[in-house]
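Down below is the structure, laid out as structure tokens.
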Amino acid sequence: MNHFHRNPMAQAEHLCGLPARVCQTFDFKVLPLTEEELRQQQLHQKRQQERYQQALHAQQHQRGPGPGRYHQGARPGQRPPQYKLQAKITGLERLGKKDPSIRFDVHTNLPKFRTTQVRDIKRTHSEFVKLADHLISSNPEAFVPAVPPALTSAGAGTDEDEARTKASMQRWLTYVCGNDVLMRDDEMKFFVESDAGYSPMIRMKQPATGVRRKVIKQFAPPPDDTPELHDARPIVKQFYLGTMETGQKMDKVVRARRGLGLAESELGGKLGSMHVQETHPGLASAYRKLGKIIQMAGDYHAAQGTAEATTLGAPLNYHSSDALIVKETLTNRHILLRDLLSAQQATRSKLSAADRLKASGSVRREKVDEAISALDEARSHELYLAQKTQRVTSNLLHEKRRWFTRTAADLRVSIREYVLREIEAERRTLATLESVRPDVRAIDATGGLSRLGREAHPVIRRSSMASSQGPRGDAWSGVPRRPDALDRSVSGGFPPPVTEEDDVNSEGGRKRAASGAGSLKTVREDEPDDDRVDAKNAASRLATSTF
């Protein structure tokens, strides 16, 4: 008995037949230790702690460079290292209809890589898609942008298609390699240093898939202590649906524009063939030249449809797929919040079960041990989910702001490019149609409309034969053309315009405003009355038009 009075742990095990930590958990009464026994116990605990630290230090040295090295705290007086991963696309290879290959170089100072520079890496477009799918599944705290399509609407083999594909893939690589979370993923190392192609080493899955994911989406969002992220998902969903619907309507516009081009080409061919049976020489010449002009206008409309699909249709479809990834990432965060709530509820239920067991009269060793292990497991799982939720929330806040800014800037650039291409196409079409005006005027001496059967011909007045579209801008608006309108390039985000020859000398055109004002107030007053652009002269021309 003296042994049990001296050793409280042995006394506890003898009284209830349970381990000492179980007795302490359920507040069993034990005798206090003496000073000598307490000092020996503290010395024993200190030795065990030192052995644990030495074993942990040796284990870290044996593992070598691993993911944990990037999360260790910096030494006192030293700044944490600034890791970087830079990639530059050097070439694009297309072989028929096969998956295109992209060549790029990588420079990094991450210690997990074998070297600091890796040159001439060749990866197919499908391998980029595999990498993106893995990054989306394994990094719930980051917004991984959608991989741009392998082929643009400009058509395979064209310079514009190659330039746009390389520029879009470069933007994707720059964002992924510049993200602090994504650059540390182990798959980035395998993607860069793999010699024979790339395939993910670990296939990650979404936290909820299939029917379970659809059922979870039907419920109301869980309680969220971050209003910015809570309000972001409905906005992203509306943007996703809006861009998808707008992209579909834009595709219809493109198909209609191309159909108009084909119809105009057919009309021009039939109209030009009418000059064969026409006996009037002036009208025969007008038929022949007007048919060619209408065919040219049809070709311009077909090219305009391609430009519309390239400048606005493709960006809308891309941003729709990108917004879908962002929406699903925010949905994964909601699923994580639900898991955290269920873990907290499970912890409370395990704790209440342990309290009931504690208050019961008879305590069995198997039940107590099972209750303690279940409670410890529930608490550790809850702690893990709480830390993960906090990390995901803090990172997604920064990612959300960056995504909103990046998407708005990209859409502004796409809309601006679309508008400029539309203006250039309309100007080209108008200048082409105006080039046939002299032939229509020269059908006969009365201005070309005497064959309509009019009894009283209008008085022949002097009309300007100059083209309304010239290198200085629109003749009818008084606004000069931008000086950088002809200097746009694909590398800057805008494709180079198609040069066109001016059939009419610019000296014969009507005068334009000297300043860059955007109104007709700057039109010079010393212009001839016949060529002035105002409401009175326009109405007079419409009333006495001979064209």
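Owing to the predicted nature of the structure, the values given are computational and were not obtained by experimental measurement.
Between V147 and M169, some side-chain heavy-atom pair lies under the 4.5 Å cut-off. Between L241 and M244 the shortest side-chain heavy-atom distance falls below 4.5 Å. The side-chain heavy atoms of K84 and T108, taken from C-beta on, include no pair separated by under 4.5 Å. Annotation: side chain of F239 is not in contact with side chain of K327 (no heavy-atom distance under 4.5 Å). Residues Y418 and P315 are not in side-chain contact: their nearest non-hydrogen atoms beyond the backbone lie 4.5 Å or more apart. For the pair T116/N109, no side-chain contact is recorded, criterion being any heavy-atom separation below 4.5 Å from C-beta on. Between I293 and E264 the shortest side-chain heavy-atom distance does not fall below 4.5 Å. A 4.5 Å side-chain heavy-atom check between L131 and P200 finds every atom pair outside the cut-off.
Counting only distance, with no hydrogens or angles, the side chain of E141 and the backbone of T393 share no donor-acceptor pair below 3.5 Å. Side-chain atoms of D185 do not come within 3.5 Å of backbone N or O of V181 as any donor-acceptor pair. Counting only distance, with no hydrogens or angles, the side chain of T407 and the backbone of F404 share no donor-acceptor pair below 3.5 Å. Side-chain atoms of R123 do not come within 3.5 Å of backbone N or O of R103 as any donor-acceptor pair. Looking only at distances, a side-chain donor or acceptor of D99 sits under 3.5 Å from a matching main-chain atom of S126. E193 places no side-chain N or O within 3.5 Å of a backbone atom of F190 that could act as its donor or acceptor partner. Under a 3.5 Å cut-off, the side chain of S138 and the backbone N or O of H134 do form a donor-acceptor pair. A donor-acceptor pair is defined here as one N or O able to donate and one able to accept, closer than 3.5 Å; no such pair exists between the side chain of T165 and the backbone of E162. Of the possible polar contacts, one joining the W172 side chain to the P145 backbone as a donor-acceptor pair under 3.5 Å is found. Put simply, the side chain of D161 gets close to the backbone of T152: a donor and an acceptor are under 3.5 Å apart.
For K400, the side-chain hydrogen bond (donor to acceptor under 3.5 Å, both in side chains) partners are E228, not counting sequence neighbours. Taking the side-chain hydrogen bond (donor to acceptor under 3.5 Å, both in side chains) definition, one finds that Y318 meets it with nothing, sequence neighbours left out.
The minimum heavy-atom distance linking L433 with A297 is given by the pair CD2-CB, 4.4 Å. The two residues R257 and H301 make their nearest non-hydrogen contact at CG-O, 3.1 Å. In plain terms, the two heavy atoms of R94 and A150 that are nearest each other are NH2-O, 2.6 Å. Heavy-atom minimum distance, D299 versus S265: OD1-OG, 3.7 Å. R258 approaches A302 most closely through the heavy-atom pair CG-O, 4.4 Å. Between A142 and L182, the shortest heavy-atom distance links the atoms CB-CD2, 4.0 Å.
With salt bridges taken as basic N to acidic carboxylate O contacts below 4.0 Å, none links R171 and D410. Ion pairing between a basic and an acidic side chain is recognised when a charged N comes within 4.0 Å of a carboxylate O; R421 and E160 show such pairing. Between R164 and E417 there is a salt bridge, since a side-chain N of the basic residue sits under 4.0 Å from a carboxylate O of the acidic one.
One distance of note links CD1 of I294 with CG of L267; it measures 4.5 Å at 0.5 Å rounding. Expressed to the nearest 0.5 Å, how far CD of Q387 lies from CG of L340 amounts to 11.0 Å. Summarising the geometry, atom OG1 belonging to T243 is positioned 11.5 Å from atom CD belonging to Q238; distances are rounded to the nearest 0.5 Å. Here the CD-CD distance, from E382 to E377, works out to 13.0 Å after rounding to the nearest 0.5 Å. In this structure, OG1 on T389 lies 3.5 Å from CG on L336, to the nearest 0.5 angstrom. In this structure, the separation between SG on C177 and CE on M188 is 4.0 Å, given to the nearest 0.5 Å.
Annotation: K166, atom NZ; neighbour count of heavy atoms from other residues, nucleotides and ligands within 6.0 Å is above 12. More than 12 heavy-atom neighbours from other residues, nucleotides or ligands sit within 6.0 angstrom of CD on E93. Within 6.0 Å of atom NZ in K189, more than 12 heavy atoms from other residues, nucleotides or ligands are found, so the atom counts as buried in its surroundings. Around CZ of R391, the count of heavy atoms belonging to other residues, nucleotides or ligands within 6.0 Å exceeds 12.
In this structure, a donor-acceptor pair under 3.5 Å is present between the side chains of Q170 and T174. Between the side chains of N179 and E399, at least one donor N or O lies within less than 3.5 Å of an accepting N or O.
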**Request:** Decide yes or no on side chain to side chain contact (heavy atoms under 4.5 Å, CB included) for Q344 and L341, but give the supporting numbers first.
**Result:** CA-CA 5 Å; Q344 292 174 351; L341 293 177; 3.9 Å; yes
**Asked** Between R119 and V106, does a side chain to side chain contact (heavy atoms under 4.5 Å, CB included) hold up when you go through it step by step?
**Response** CA-CA 6 Å; R119 296 186 179 275; V106 169; over 6 Å; no
**Message:** I'd like to know whether F219 forms a side chain to side chain contact (heavy atoms under 4.5 Å, CB included) with V215, so could you lay out the CA-CA distance, the side-chain angles of the two residues, the decisive distance to 0.1 Å, and finally the verdict.
**Reply:** CA-CA 7 Å; F219 298 135; V215 171; 4.0 Å; yes
**Message:** Let's go through S349 and Q345 carefully: what are the C-alpha distance in whole Å and the side-chain angles of both, what is the deciding distance for side-chain hydrogen bond (donor to acceptor under 3.5 Å, both in side chains) to 0.1 Å, and is it a yes or a no?
**Reply:** CA-CA 6 Å; S349 63; Q345 185 178 0; over 6 Å; no
**Message:** Show, in sequence, the C-alpha distance, side-chain angles and deciding distance for R333 and D224, and conclude whether the side chain to side chain contact (heavy atoms under 4.5 Å, CB included) test is met.
**Reply:** CA-CA 10 Å; R333 178 177 173 271; D224 196 349; 2.6 Å; yes
**Message:** Under the criterion side-chain hydrogen bond (donor to acceptor under 3.5 Å, both in side chains), I'd like the reasoning laid out for E426 against Q304: C-alpha separation, chi angles, the key distance, then a yes or no.
**Reply:** CA-CA 9 Å; E426 296 297 338; Q304 184 179 359; 3.2 Å; yes
**Derivation of the side-chain hydrogen bond (donor to acceptor under 3.5 Å, both in side chains) call for E187 and Y198** = CA-CA 9 Å; E187 289 296 326; Y198 167 76; 2.8 Å; yes
**Request:** Give the C-alpha distance, both sets of side-chain angles, the deciding distance and a yes or no for side-chain hydrogen bond (donor to acceptor under 3.5 Å, both in side chains) between T90 and D105.
**Result:** CA-CA 7 Å; T90 57; D105 299 335; 4.6 Å; no
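Using the six-membered ring where Trp is involved, F191 and F104 have ring planes that are parallel, under 30° apart on the 30 and 60° scheme.
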